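Reading through the structure tokens given below for one structure.
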2 protein chains.
Amino acid sequence: MGDQVRRNMPLFPMGIVMQLTELSARQIRYYEENKLITPARSEGNRRLFSFNDVDRLLEIKSLLERGVNLAGIREVFEMRERGMQPLHPYYRKEPTEAELHNHLKKELYQAGRYGKASLIQGELSRFFN
Amino acid sequence: MGDQVRRNMPLFPMGIVMQLTELSARQIRYYEENKLITPARSEGNRRLFSFNDVDRLLEIKSLLERGVNLAGIREVFEMRERGMQPLHPYYRKEPTEAELHNHLKKELYQAGRYGKASLIQGELSRFFN
DNA sequence: AAATAAATGTAAGGATTCCTAACATTTATT
DNA sequence: AATAAATGTTAGGAATCCTTACATTTATTT
């Protein structure tokens, strides 16, 4: 339990995360804009990223490289949060039904391969122990 | 081996390290001035601290709270680096002989107690796994 | 193929964080 | 009391990051 706390501690500034993930500031901010990450902020409004944030960014990058778009990635994350059960159309809100689900399925289908393994392609935290 | 690499990665800016250690910027810079830590620098000359740096700072703080002065802490660190063998007066340079050794010994003597355990009193890295 | 949308680049202006240097203060040692 | 050690405080300047807006590239849709 304290583990999640630690992994969520706001620690890294933008510059470091850019190096760690090899993403541009623009990309990182755009992903935040799209609710894929929610880094903390300093008193002066600067982003402070946690291990979990960095992990997420690495995963986002990996999925993007596999051709999944941001909407798809959002789905993946939501699925994970809801406990791995894929969303049923019945529970969907407004804009879709099976479409999005199928779309995602299709996207993920041809993605069952290896990531680029740019350096770390999973959990950054596991990198530090 | 890659472990040491990771623990030496420059990751944290001054502000975060201040929070993590509850030390002032002045203190941290002063300890660097006295060769107790050697944080990396960004291209723009900003300090970037590693896990090892933070660990060291926490240890410095703990030793200071136990009454050890900076010279004593320097000795402790040197001893550790040289493989735990306490320095023999014979090998000392110029300014001292048994004095410093005794001084240190005396300092450490009344210090065989518990630290304040401000939050983390050992290895920060162990905090993240 | 043209239009639209998604993802990223780039630039400007401003705010925050950090830097060094210098001097002041507090605490301990001589 | 004088000196030294450790820390505080302030000033001026530089680096990093912020948001906003517009441009470009790439993919999708009509």
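If you're wondering where the values come from, they're calculated on a predicted model, not measured in any experiment. Every chain is numbered from 1 and lettered A, B, ... according to where its sequence line falls, protein lines coming before strand lines.
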Please report, rounded to the nearest Å, how far the [atom2] atom of [N] is from the [atom1] atom of [X].
X	N	atom1	atom2	value
B:Ile16	C:dT17	CD1	P	10 Å
A:Ile28	D:dT16	CD1	C1'	14 Å
A:Met18	D:dC18	CE	P	10 Å
B:Arg41	C:dC19	CZ	P	6 Å
A:Leu48	C:dT16	CG	C1'	12 Å
B:Glu22	D:dT7	CD	P	14 Å

### Message
Please give me the minimum heavy-atom distance between A:Arg56 and A:Leu36, naming the atom from each residue.
### Response
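Heavy atoms of A:Arg56 and A:Leu36 come nearest at NH1-O, 2.6 Å.
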
### Query
Considering only D:dA15, C:dT20, D:dC17, which nucleotide approaches the side chain of B:Asn45 most closely?
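Of D:dA15, C:dT20, D:dC17, C:dT20 is nearest to the side chain of B:Asn45.
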
### Message
So if I take the C1' atoms of five pairs at each end of the helix from C:dA1-D:dT30 to C:dT30-D:dA1 and get each local axis, what angle do the two axes make, rounded to 10 degrees?
### Response
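That helix gives 30° between its end axes.
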
### Short side-chain N/O contact to C:dT16 OP1/OP2 from A:Ser42, under 4.0 Å
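Answer is no, no contact under 4.0 Å.
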
### Task
Could you check B:Leu57, B:Ile28, B:Leu23 and say which one makes a side-chain contact (heavy atoms from CB on, under 4.5 Å) with B:Met18?
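Only one of B:Leu57, B:Ile28, B:Leu23 forms a side-chain contact (heavy atoms from CB on, under 4.5 Å) with B:Met18, namely B:Ile28.
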
### Test side-chain contact (heavy atoms from CB on, under 4.5 Å) applied to A:Ile60 and A:Ile73, A:Asp55, A:Asn34, A:Val68, the passing residue
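Only match with A:Ile60 under side-chain contact (heavy atoms from CB on, under 4.5 Å): A:Ile73.
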
### Task
Could you check if a side-chain atom of A:Lys61 sits within less than 4.5 angstrom of a side-chain atom of A:Glu65, using non-hydrogen atoms only?
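A:Lys61 reaches A:Glu65 side chain to side chain.
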
#### Entry: Which residues share a side-chain contact (heavy atoms from CB on, under 4.5 Å) with B:Ser42, sequence neighbours left out
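In terms of side-chain contact (heavy atoms from CB on, under 4.5 Å), with neighbours along the sequence ignored, B:Ser42 is linked to B:Arg46, B:Leu48.
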
#### Entry: salt bridge (Lys or Arg N to Asp or Glu O under 4.0 Å) pairs, two or more places apart, involving residues 35-45 of chain A
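Found A:Glu32-A:Arg41.
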
### Query
What string of B, S and - do you get for nucleotides 5-15 of chain C, 5' to 3', if B is base contact, S is sugar-phosphate-only contact and - is no contact with any protein heavy atom under 4.0 Å?
-SBBBB----B

#### Entry: Single hit among B:Asp53, B:Asn52, B:Asp3 for side-chain hydrogen bond (donor to acceptor under 3.5 Å, both in side chains) with B:Asn8
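So, applying the side-chain hydrogen bond (donor to acceptor under 3.5 Å, both in side chains) to B:Asn8 and each of B:Asp53, B:Asn52, B:Asp3, only B:Asn52 qualifies.
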
### A:Glu75 and A:Arg80 ion-paired at < 4.0 Å
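Result for this pair is no, no salt bridge flagged.
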
